[in-house]
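Computation of the quantities below employed the complete heavy-atom set of this structure, encompassing side-chain atoms and omitting hydrogens, waters and symmetry-equivalent molecules. In what follows, residues are counted from 1 in the order of the sequence shown.
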Amino acid sequence: MEENKFEMDLKKVLTEEKEIPDVVKKSFNDTYNIIRSKSKTKNRRILKTAAVILCLIGSVIVINNKYVIAAVNSFFSGAKSVQTANDKSNFVHKNVSSAFNNGVNISLDNYFIDDSEMGLNFSLKINTNLLPKGKIEDFSMEYRIKNGDGQYIAEVISDTKPLKSKNFIVDSGGGKSYNFDEKNGTFQYDELLSAKNSFPKINNAVVEVETIDILYKDTSGNEKGKGINGSWNLKIDNNGNSQGIVTKYKAKNTTSNIQVISAKDDPTNFYVTFSTNKKVSMSDLLDKIKLVDKNGKKYQYDTLDDDKKDGKTIFKVKFPISMYDNIDKFKFSIDGVGEVELSREKY
């Protein structure tokens, strides 16, 4: 009941230009505990509020009944693994596509795509008479991504809008806004999207932006929200597609309580999908997962989620390690459960 009320408050805040009530502020502060204690969210993506939520609660998004624990700085403008891939292979590509509607110009300036992640970098120029009076705290965008075959691969929208696809290809994500210049009405916005398994082949895709959501404080210091609606279609060229580039790893210690289903490294991240012989939950694993390379360097994971398959819990953990870091061996362990050695497969 508490979680449904939280969702309804979010809708009110971000679809109406009105003062945010105290109960909503409390809900933001309590969000982490709600997410940890319940997972009865509707089978809808609530990425629409990602930028605002990340700004206010730090690092937790709930999508499709999953916990996604993510670091705020893990967007591609600041992610070390993406920077490594870009340094080694010009991974982030420039994209020339812009659209003007209802006093707002939006450009998709840069992007990247690999098997599991997509990063989008936008710049916005908003007519200043459309901006709310007061201090802008944050903003996010509502949009959908339609592939060239007509399939929607992402719908970053409010729950008040209908979905155009029932297939959830994107499993998690979030946005980061920065470089505010309210005097000139210019803004920057990054979005990082992760696929549930992997993205379909991206070809001649279009980003369909529908709404810009602005969080601000009015002249009296009250927090409010304002939405600017319109239609902005931004083409993604096909030059920055790095799909299919991946390095696989094989587990050596097959007697461990950890069963590695797959381990792979792509340009942006290292993924381990596993199950355990011991009964463990997400909360049991949060601070117990360890990854160490052959030189003893330790790595902190970025996200952890779970799923059910044939009555068994399957976990997937993501580390910000690029395949261009060229690491051939890791030790993957869970305190109190076991450990396995992961070695890069030879081709």
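For the pair L193 and F199, the tightest heavy-atom approach, listed with the atom from each and the gap, is O-CZ, 3.9 Å. The two residues V337 and N257 have their closest heavy-atom pair at O-ND2, 3.1 Å. Contact record, N95 with K235: ND2-O, 2.9 Å, taken as the closest heavy-atom pair. Residues P267 and S322 approach most closely at O-OG, 2.7 Å, considering heavy atoms. Annotation for S231 and N101: closest pair N-OD1, 2.9 Å, computed over non-hydrogen atoms. Counting all heavy atoms, side chain and backbone alike, D213 lies closest to G227 at OD1-CA, 4.1 Å.
Summarising the geometry, atom CG belonging to L342 is positioned 14.0 Å from atom NZ belonging to K294; distances are rounded to the nearest 0.5 Å. One distance of note links CH2 of W232 with OG of S98; it measures 13.0 Å at 0.5 Å rounding. Atom CD in E345 sits 7.0 Å away from atom NZ in K250 (nearest 0.5 Å). Rounded to the nearest 0.5 angstrom, L108 CG and L120 CG are separated by 6.0 Å. Remark: T303 OG1 to K318 NZ distance equals 4.5 Å, nearest 0.5 Å. Rounded to the nearest 0.5 Å, atoms CD1 (I212) and OG (S177) are 12.0 Å apart.
Under the 4.5 Å side-chain heavy-atom criterion for Ile, Leu, Val, Met, Phe, Trp and Tyr, V292 and Y249 are members of distinct hydrophobic clusters. I314 and L304 fall into different hydrophobic clusters, where Ile, Leu, Val, Met, Phe, Trp and Tyr residues are linked whenever their side-chain heavy atoms come under 4.5 Å apart, directly or through other members. Linking Ile, Leu, Val, Met, Phe, Trp and Tyr whenever their side-chain heavy atoms come within less than 4.5 Å leaves I261 and F330 in two separate clusters. In the hydrophobic clustering of ILVMFWY residues, with side-chain heavy atoms under 4.5 Å counting as a link, I289 and L286 come out together. V206 and I153 fall into different hydrophobic clusters, defined by Ile, Leu, Val, Met, Phe, Trp and Tyr side-chain heavy atoms under 4.5 Å apart, directly or through other members.
At a threshold of 4.5 Å between non-hydrogen side-chain atoms, the residues T211 and I228 do not count as touching. Using a 4.5 Å heavy-atom cutoff, the side chains of L124 and T186 are not in contact. Between M118 and I145, some side-chain heavy-atom pair lies under the 4.5 Å cut-off. Between I327 and I321 the shortest side-chain heavy-atom distance falls below 4.5 Å. Looking at R144 and E210, their side chains come closer than 4.5 Å, going by heavy atoms from C-beta outward. Between P200 and Q151, the closest side-chain pair of non-hydrogen atoms falls below 4.5 Å. With contacts defined as side-chain heavy-atom distances shorter than 4.5 Å, the pair Y301/L291 does not qualify. In this structure, the side chains of V280 and F315 come closer than 4.5 Å at one or more pairs of heavy atoms.
Other residues, nucleotides and ligands place no more than 12 heavy atoms under 6.0 Å from the NZ atom of K309. The number of heavy-atom neighbours closer than 6.0 Å to NZ of K125, taken from other residues, nucleotides and ligands shown, is above 12.
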When you look at N233 and V207, which way does the side chain to side chain contact (heavy atoms under 4.5 Å, CB included) test go after all the steps?
CA-CA 6 Å; N233 291 336; V207 181; over 6 Å; no
Using the rule given for salt bridge (Lys or Arg N to Asp or Glu O under 4.0 Å), can you reason through E155 versus K161, listing the C-alpha separation, both sets of side-chain angles and the distance that settles it, and then say yes or no?
CA-CA 10 Å; E155 299 191 59; K161 296 180 179 181; over 6 Å; no
Do D284 and S281 pass the side-chain hydrogen bond (donor to acceptor under 3.5 Å, both in side chains) test, and can you show the C-alpha distance, the side-chain angles, and the key distance before you say yes or no?
CA-CA 5 Å; D284 294 330; S281 65; 3.0 Å; yes
What's the verdict on side chain to side chain contact (heavy atoms under 4.5 Å, CB included) for E191 and M141, showing C-alpha distance, side-chain angles and the deciding distance?
CA-CA 9 Å; E191 184 86 47; M141 299 197 309; over 6 Å; no
Please walk me through it: do K290 and E339 pass salt bridge (Lys or Arg N to Asp or Glu O under 4.0 Å)?
CA-CA 9 Å; K290 305 288 193 304; E339 66 177 48; over 6 Å; no
Begin with the C-alpha distance, continue with both residues' side-chain angles, and end with the deciding distance and a verdict on side chain to side chain contact (heavy atoms under 4.5 Å, CB included) for F180 and Q188.
CA-CA 7 Å; F180 298 166; Q188 294 287 124; over 6 Å; no
One pair to check against side chain to side chain contact (heavy atoms under 4.5 Å, CB included): L234 and V209. What are the steps and the verdict?
CA-CA 8 Å; L234 308 169; V209 182; 4.2 Å; yes
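Between the side chains of D293 and Y299, a donor-acceptor pair is found at a separation under 3.5 Å. There is a side-chain donor-acceptor pair under 3.5 Å between T313 and K308. Residues N277 and Q259 have side chains that bring a donor and an acceptor to within less than 3.5 angstrom of each other. Side chain to side chain, D114 and T268 meet the donor-acceptor criterion of an N or O pair below 3.5 Å. Side-chain contact, D109 with S123: a donor N or O sits under 3.5 Å from an acceptor N or O. No hydrogens or angles considered: a donor-acceptor pair under 3.5 Å links the side chains of Y178 and D190. Side-chain atoms of D237 and Y111 form a donor-acceptor pair, as typed in the model, at a separation below 3.5 Å. Under the 3.5 Å distance criterion, with hydrogens and angles disregarded, a donor-acceptor pair is assigned to the side chains of E208 and Y152.
Between F187 and F139, the angle of the ring planes goes over 60°, which puts this pair in the perpendicular group of the 30/60° scheme. Between F270 and F319, the ring planes are tilted. Angles from 30° to 60° get that label.
Counting only distance, with no hydrogens or angles, the side chain of D115 and the backbone of V246 share no donor-acceptor pair below 3.5 Å. A donor-acceptor pair under 3.5 Å is absent between the side-chain atoms of K183 and the main chain of T128, judged by distance alone. Not a single donor-acceptor pair under 3.5 Å links the side chain of N127 to the backbone N or O of L130.
Geometric assessment of K316 against the ring of Y271 yields a positive cation-pi assignment under the 6.0 Å and 45° thresholds.
A salt bridge does not link D218 to K133: none of the charged side-chain nitrogens sits closer than 4.0 Å to a carboxylate oxygen.
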